[in-house]
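Numbering of residues begins at 1 and proceeds along the displayed sequence.
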Amino acid sequence: MATSRYSDLDRPPLSEAALNRALVRPGTLWTGVTVVETTGSTNADLAVAAQAGAEQGRVLVAESQVAGRGRLDRAWSAPPRSGLTFSVLLRPTAPVAAQGWLPLLYGVAAASAVRRLAEVDVRLKWPNDLLVGERKLAGVLAERVDDAVVIGMGLNVSLRAEEAPVETATSLAIEEAACVDRDPLLRAVLREVESHYREWEAEGGDAEAAGLRAAYLAVSATVGREVRVELPGDQVLTGQATGIDGSGHLQVTSGGERYTLGAGDVVHVRAAR
């Protein structure tokens with residue numbers, strides 16, 4: 001069986017040199033793009049780099065990730081080069097209390113890029129999923145490392161229906177998207193992240209002033225809906241998702257009371273049936 005990374009012509013490898021030429025320039029956020037054939041977790045690798053003092057703007061892309069993790073350490077995997085698996089290293093100056101908006105900012109940026117290039121109606125499920133309809137296209141995971149934040153994303157691009165790990169997963173190919181070329185998609189996502197991040201930082205992490213809250217609500221698949229929130233200890237909260245606060249927490253109104261939930265407080269958030 002062929003093992004060359006060029007053996008599947010529908011899934012060509014990414015060019016590290018081309019990505020650096022396109023993205024790494026004086027005055028831009030991105031300071032270096034590294035593409036590796038395989039790794040355990042791009043988030044874990046960048047976390048080590050962050051602890052060693054790596055500068056903001058580092059990007060690590062893996063053609064294959066063998067120990068990928070989602071929120072709450074859920075396993076995540078996909079065939080080599082079937083998606084975009086990458087992490088970025090940020091060192092925000094905004095207050096820590098506001099940094100809960102970073103994964104939401106990343107989701108807004110990714111959704112904007114995908115909607116523009118792939119012409120797919122992507123929505124955001126709080127706290128970290130990109131959806132097409134009710135099916136998951138991508139997930140975002142943010143982790144604090146000392147004074148840095150590492151944010152990773154796994155975006156299904158050419159994943160085929162028979163390769164989907166669960167029935168609720170989808171990909172740009174499955175959705176017959178206008179673009180399934182990973183190179184321009186990655187460039188577009190990173191440029192959108194830079195734009196939103198700079199605006200958010202300029203406003204001191206104020207999502208309202210930066211226009212981030214409005215941008216998030218415009219594509220939210222959660223806010224405004226009746227939701228069922230599964231909490232640790234088999235507790236369940238059912239109510240209406242009414243908003244996102246200044247720290248990126250979900251606000252849910254149930255029984256006349258408003259509850260504020262952080263990503264670490266919930267197991268699942270689903271539309272109420």
Between the CD atom in Glu192 and the CG atom in Leu117, the distance rounded to the nearest 0.5 Å is 9.5 Å

- Take Val266 and Leu231, measure what side-chain contact (heavy atoms from CB on, under 4.5 Å) needs, and give me the verdict at the end. CA-CA 5 Å; Val266 304; Leu231 304 166; 4.0 Å; yes

Next on the checklist: Can a donor-acceptor pair be found, under 3.5 Å and without considering hydrogens, that links the side chain of Asp206 to the backbone of Ala209?
Outcome noted: yes

For the residue pair Asp45 and Thr39, confirm or rule out a side-chain donor-acceptor distance under 3.5 Å.
yes

task: For the pair Ser82 (side chain) and Leu159 (backbone), establish whether a donor and an acceptor sit closer than 3.5 Å, ignoring hydrogens and angles.
output: no

Looking at Arg225 and Arg270, would you say the former's side chain and the latter's main chain have a donor-acceptor pair under 3.5 Å? no

For Ser87 and Gly152 the tightest heavy-atom approach is OG-CA, 3.4 Å

Next on the checklist: Any salt bridge linking Glu163 with Arg11? Criterion: basic side-chain nitrogen under 4.0 Å from a carboxylate oxygen.
Outcome noted: yes

Does any donor atom in the side chain of Thr42 or Gln65 lie under 3.5 Å from an acceptor atom in the other side chain? yes

key: Side-chain heavy-atom pair Asn20, Thr34 within 4.5 angstrom cut-off   = no

Rounded to the nearest 0.5 angstrom, the OG-CG distance for Ser195 and Leu29 is 11.0 Å

So OH of Tyr216 and CD1 of Ile244: to nearest 0.5 Å the spacing works out to 5.0 Å

Worksheet item: Side chains of Leu124 and Leu104: does their closest heavy-atom pair fall under 4.5 Å?
Response: no

Does the side chain of Glu194 reach to within under 4.5 Å of the side chain of Glu199, using non-hydrogen atoms? no

### Query
Does Thr28 use its side chain to pair, donor to acceptor, with the backbone of Arg25 at less than 3.5 Å?
yes

Working for side-chain contact (heavy atoms from CB on, under 4.5 Å), residues Cys179 and Leu185:
CA-CA 8 Å; Cys179 176; Leu185 285 166; 4.0 Å; yes

Residue pairs meeting side-chain hydrogen bond (donor to acceptor under 3.5 Å, both in side chains), one or both in residues 169-181, sequence neighbours left out, come to Arg135-Glu175, Thr170-Glu175

- Message: For a 4.5 angstrom cut-off between non-hydrogen side-chain atoms, does Pro232 reach Val267?
- Response: yes

Query raised in the report: Does Leu131 share a hydrophobic cluster with Leu217, counting links as ILVMFWY side-chain heavy atoms below 4.5 Å and allowing steps through other members?
Result: no

Connected to Leu46, directly or through other members, by ILVMFWY side-chain contacts below 4.5 Å are Val36, Leu60, Leu89, Val145, Val150

The reported gap from NE2 in His196 to OH in Tyr106 (rounded to nearest 0.5 angstrom) is 12.5 Å

Between Gln56 (side chain only) and Leu90 (backbone N and O only), is there a donor and an acceptor less than 3.5 Å apart? no

Q. Is the closest side-chain heavy-atom distance between Leu141 and Ile151 below 4.5 Å?
A. no

Does Val120 share a hydrophobic cluster with Leu84, counting links as ILVMFWY side-chain heavy atoms below 4.5 Å and allowing steps through other members? yes

Distance-only side-chain donor-acceptor flag, Glu134 / Thr168, under 3.5 Å:
no

With sequence neighbours left out, the residues meeting side-chain hydrogen bond (donor to acceptor under 3.5 Å, both in side chains) with Asp146 are none

Check your understanding: Does a side-chain N-to-carboxylate-O contact under 4.0 Å join Arg115 and Glu119?
Key -> no

Applying salt bridge (Lys or Arg N to Asp or Glu O under 4.0 Å) to Glu55 and not counting sequence neighbours gives none

| query | Hey, does Val35 have a side-chain heavy atom less than 4.5 Å from the side chain of Leu19? | reply | yes

| Given the rule that I, L, V, M, F, W and Y join up when any side-chain heavy atoms are under 4.5 Å apart, are Val149 and Val189 in one cluster? | yes

Quiz prompt | N/O donor-acceptor pair under 3.5 Å between Trp200 side chain and Leu105 backbone | solution = no

Does any part of the side chain of Thr222, heavy atoms only, come nearer than 4.5 Å to the side chain of Val227, both counted from C-beta? yes

Closest non-hydrogen contact found for Ala173 with Val180 is N-CG1, 3.9 Å

Name the atoms and distances for all side-chain donor-acceptor pairs under 3.5 Å in residues 248-260, with sequence neighbours left out.
from, atom 1, to, atom 2, distance (Å)
Ser254, OG, Thr238, O, 2.7

To the nearest 0.5 Å, atom CG of Leu172 lies from atom OG of Ser158 at 9.0 Å

The side-chain hydrogen bond (donor to acceptor under 3.5 Å, both in side chains) partners of Asp129 (sequence neighbours excluded) come to Lys136

Between Arg182 and Glu63, is the closest basic N to carboxylate O distance under 4.0 Å?
yes

For the hydrophobic clusters of this structure (ILVMFWY residues joined by side-chain heavy atoms under 4.5 Å, transitively), does one cluster hold both Val132 and Leu130? yes

Considering only heavy atoms from C-beta outward, does the side chain of Phe86 approach that of Leu155 to under 4.5 Å?
-> no

Between Gly205 and Ala98 the two heavy atoms that sit nearest each other are O-CB, 3.4 Å

Here the gap from Met153 atom CE to Leu186 atom CG, rounded to the nearest 0.5 Å, amounts to 8.0 Å

Please confirm whether the backbone N or O of Ala207 pairs with a side-chain atom of Trp101, one donor and one acceptor, at under 3.5 Å? no

Whether over 12 other heavy atoms sit under 6.0 Å from Arg123 CZ: yes

In short, Ala22 meets Arg187 closest at the heavy-atom pair CB-NH1, 3.3 Å

Point to revise | Full working for side-chain contact (heavy atoms from CB on, under 4.5 Å) between Val59 and Trp30 | key: CA-CA 7 Å; Val59 182; Trp30 309 117; 3.5 Å; yes

